[in-house]
Each structure stands twice: as structure tokens, then as C-alpha cells.
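Structure, as C-alpha cells:
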Amino acid sequence: MSSKFREDFDTSRFTKFLFDMRIQEELPEWPPLHVQKRKSHKTRIILLLFLLIIVLLFLIANIVFLNIRVLSEQTATPSSTSLSVNAQQCLSQYTLNAPSSPSSYPCSTCLPILQAVPLSSNSQNAQQIINAIQFCGLRAIFDTANSQGQASLGWVNDVKFCAWNGVTCDSSGRVANLQLTFPGVPALLPNELGALTGLKSLQVIGGNSIPAGALPSSFTNLTNLSNLHIEATSITQLPDNLFSSLTAITTLTLIRNPTMGSSLPSTLTQLPLQNLIINSQSLTNPLPTLSSSPAFQASLKLLDLSSTSLTGSIPNTVSSFASLTQLLLSNNNLQPPFPTAFPPSLQILNLQNNTGLSGTLPNSLCNSTLLTSCELGSTGLRGGCGLCQFS
């Protein structure tokens, strides 16, 4: 074997040996790229940031809500703290207990307490306080009535007084109209009646002997009263200063109240009264006083003093009633002289059954184009006068 061949063979074998050795040597594995894990890690970070934002928003919202709540509580504090313990108890009893047991509510104790509460600083409780006060005012009427009257009224089965018989409330829940008709009337008008300060119309038609006694002193609290009707009662004389307080009255009706006396309160003529109706109870002739009142001269539209035992004459000042449309003086004892003029606005005149009345009718009356009714029967008045009837 040549030396060249041997040299090549040895080189080949050596190379193969090295190659085999390299193959047998374990190559280290390449580390994984972890692409999926990196994506998952990024997603977790985003979720955590999102949750953190939600938590922060929740905390901010809570802080805002707590601030608003604290502010509202601070604003409401005067309303709640201004109620005394007794007032709170009375209000709680009315709200919780009275609906199921209205007759057991302690009105005698709670009414003066609640009336003393300033409603302007208790706006949250104002309506309930007003309701309790009005309930007690009406219940006093019921309690003062006899068994027949209570049965007729049918009240105090609940505290929903706006639905009670004869009671009408306005849109704000205040008692605006009260109509009491025998037998559903009290033996006397209780002092608690003055608690109904929203009252605009009061009609009391009694059974002749009841209601009796004087008007309660609290009656002057009814400053919103515009219509007062008292009929068939034994109520005594009206206080002379009554209408210094009741300045909103536009209609006053007094019928068959024999114990009321024969004189009217002097403060009556201060009112801008539109309708004055007094029938079937004795009066000392008020015509001179009424017709001299500047307020009456401007406002009075209806004057009805029928069957009041009037004596004396009709004064000439009767023509000063600039707005008078009805003058009803029938069934009295009026005497001459007859007035020389009547209100130019007059539409209805009734003087019948004044047998002592005589004289001549003024031409202004006979020629009036506004006059629609003129009743002069059973009087000493004679002669033709437009549409006036003498028989």
C-alpha cells in the first residue's frame, strides 16, 4: 500500500471519528419562545387595569354620594331638630296609630303641641302636621255631637277626613268647605273649630236648640272664611270685634237664630261684603248704618232683611249702594217717609207685607230699564209704576 493511500485513509478515519464524537455529544435544547404565555400575561395586565379603573370609579361615586347625603342631612337638620320630643311623639302616633284607631288619638294633648310647631321650618313634616291638626278640629265637632248627630255625621272611622260627609278639601289637602246639617251638628261649636284655618265656607244648619252658646274664641282664626251661614241655632250674639279678624267674608247669612240678639257687630260695616242675608230673626233697623258705610256702598250687591221686624223708615242714603242689585225688605213694619231714590243698579225690589209703608214711588225707579221684579203688595203704596205689582 502506497504511502499516499495510507495517509488518505488515516485522514478519513480521523474525520469520521470526530464526526461520530460530535454526533454523540448532546446538543442543548433551545429555550421555548413562550409566545402564548406572553399574550396571556398582557391580557392579565389589561384586565387588572380595567378592574382598577372600575374600583376607582366606584370609590369616587361613593365619595360624591356621601358628600351629597351629608349635605342633605345638614340641610334637613333644622327641620328635624326643631320638632320637640312631644311633637315628634304626636306626629308618630298620628301617622302610625291613628289610621287604625282614630278615636284613640290624644287630640286634647297633641292639638296645641302641633299648632305651636312652625311649619315653615318643618317642610318635610308640614303636611302630616296639618292633617293631624285638621283631624283634631273635625273630631272635636264629632265628639261634641250627641249620639244621633254622630250617627248622622258618620265620621272618625278613619283619618281620611277629606272624604267625610259634609267635608270638602282643596287641592292642597286643607279643609275648605264644611257643611253641618241637623241632626249632624254639635251641641255647641267647639274651640277646636279654629284649627281649620284653611276654611273658606262654613254652613251650620241646626235644630233650633242646637248648636247653642257663643262662638268659640278661636273662631277669629278662620281668616280665610269668605262664606258664613248660620241657620236655626241657639247661638248667642256675635262678638262685636268678630269681623276685625274675618276680613275675607263676602257673604254672611243669618236665618232663624232667635238668641243672637237684635244688633249686628259694628265691625261688619268694615267689610267689602257682597251679600248680606238676615231672615226670620229680630233686628234693630240697621239700614241707616249699612247705607252709610263706604265699604258697603261700593261692594254690596244683595241686601235681604226679610222678616226681621224692622221698624222705622228706609233712609234716602239707600240710593248710595252703587252695586246693589237686590233689595229685599218684605214682612216688616217699615214706615214712611219713602226714599226719594233707589240704587240705579237695582234689579229686584221686594217691599211687600209692610202694611204701614206709604208714599210715592220715585220716577227713577218706575222708569228703570234694569228693574226686573218689583213686589209692593200689602203696602200703603199706590199708583202705576212700571212693572211694580201692588197686589
Side-chain angles (χ1 to χ4, degrees), residues 177 179 200-205 224-232 238 242-243 246-257 260 262-310 312-332 334 338-339 341-354 357 361-362 364-365 368-377 379 386-389:
N177 302 301
Q179 182 175 355
K200 295 179 180 178
S201 177
L202 174 61
Q203 183 180 74
V204 181
I205 302 177
N224 289 308
L225 200 64
S226 61
N227 177 34
L228 177 60
H229 183 123
I230 301 176
E231 180 177 347
L238 303 180
L242 178 64
F243 298 105
L246 307 185
T247 57
I249 287 186
T250 58
T251 298
L252 175 63
T253 304
L254 305 172
I255 300 174
R256 294 199 313 276
N257 301 288
M260 197 168 280
S262 60
S263 61
L264 297 173
S266 62
T267 51
L268 179 64
T269 54
Q270 300 173 7
L271 300 180
L273 203 65
Q274 295 180 16
N275 306 296
L276 177 59
I277 303 164
I278 305 176
N279 296 163
S280 303
Q281 59 186 72
S282 296
L283 278 180
T284 300
N285 192 343
L287 288 173
T289 301
L290 299 181
S291 60
S292 299
S293 163
F296 274 33
Q297 288 173 357
S299 64
L300 198 63
K301 296 179 179 180
L302 166 61
L303 178 58
D304 182 358
L305 303 180
S306 303
S307 304
T308 52
S309 304
L310 292 183
S313 62
I314 303 172
N316 284 324
T317 49
V318 74
S319 62
S320 300
F321 290 126
S323 302
L324 196 69
T325 60
Q326 299 184 56
L327 179 60
L328 312 176
L329 304 174
S330 62
N331 302 307
N332 285 305
L334 292 171
F338 200 72
F342 281 87
S345 56
L346 198 62
Q347 298 175 20
I348 299 174
L349 174 65
N350 191 333
L351 300 175
Q352 63 184 353
N353 294 321
N354 282 278
L357 194 59
L361 297 175
S364 58
L365 178 66
S368 172
T369 58
L370 296 178
L371 197 65
T372 60
S373 175
C374 179
E375 300 293 335
L376 305 175
T379 68
L387 51 73
C388 290
Q389 301 294 319

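- No side-chain donor from either of Asn354 and Asn332 sits under 3.5 Å from a side-chain acceptor of the other.
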* To do: Please report the C-alpha distance between Leu346 and Leu370 in whole Å, then the side-chain angles of each, then the deciding distance to 0.1 Å, and finally whether the side chain to side chain contact (heavy atoms under 4.5 Å, CB included) criterion is met.
  => CA-CA 7 Å; Leu346 198 62; Leu370 296 178; over 6 Å; no
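- To the nearest 0.5 Å, the span separating OG1 on Thr250 from CD on Gln274 amounts to 5.0 Å.
- Pairs engaging residues 286-297 under the side chain to side chain donor-acceptor pair (under 3.5 Å) rule: Ser291-Thr317 [sequence neighbours left out].
- By the ring-ring contact (aromatic ring centres under 6.0 Å, His included) test, Phe243 pairs with no residue at all, sequence neighbours left out.
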* Step-by-step side chain to side chain contact (heavy atoms under 4.5 Å, CB included) determination, Phe338 to Leu351 -> CA-CA 11 Å; Phe338 200 72; Leu351 300 175; 3.7 Å; yes
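- Ser226 places a side-chain N or O within 3.5 Å of a backbone atom of Lys200 that can act as its donor or acceptor partner.
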* Asked: Under the side chain to side chain contact (heavy atoms under 4.5 Å, CB included) criterion, do Leu305 and Leu287 qualify, and how do the steps go?
  -> CA-CA 9 Å; Leu305 303 180; Leu287 288 173; 3.9 Å; yes
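- Residues that satisfy the side-chain hydrogen bond (donor to acceptor under 3.5 Å, both in side chains) test with Thr253, not counting sequence neighbours, are absent from this structure.
- When every heavy atom of Gln352 is checked against every heavy atom of Thr379, the shortest pair comes out as CA-CG2, 4.1 Å.
- Atom CG of Leu264 is separated from atom CG of Leu254 by 7.5 Å, given to the nearest 0.5 angstrom.
- A distance of 8.5 Å separates CG of Leu271 from OG of Ser299, quoted to the nearest 0.5 Å.
- With values rounded to the nearest 0.5 angstrom, Ser313 atom OG is found 9.5 Å from Leu357 atom CG.
- Pairs engaging residues 276-285 under the side chain to side chain donor-acceptor pair (under 3.5 Å) rule: Asn257-Gln281, Ser262-Thr284, Asn279-Asp304 [sequence neighbours left out].
- Across all their heavy atoms, Leu349 and Leu365 have their closest contact at CD2-CD2, 3.7 Å.
- For Glu375, there are no salt bridge (Lys or Arg N to Asp or Glu O under 4.0 Å) partners two or more places apart in sequence or in a different chain.
- Checked by atom type and distance alone, the side chain of Ser319 pairs as donor or acceptor with a backbone atom of Asn316 at under 3.5 Å.
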* For the pair Leu276 and Phe296, evaluate side chain to side chain contact (heavy atoms under 4.5 Å, CB included) and give the outcome as yes or no after the intermediate values. => CA-CA 10 Å; Leu276 177 59; Phe296 274 33; 4.2 Å; yes
Could you give the side-chain donor-acceptor pairs of residues 321-330 under 3.5 Å, partners two or more places apart or in another chain?
residue, atom, partner, partner atom, Å
Ser323, OG, Ala298, O, 2.9
Thr325, OG1, Lys301, O, 3.1
Ser330, OG, Ser306, OG, 3.3

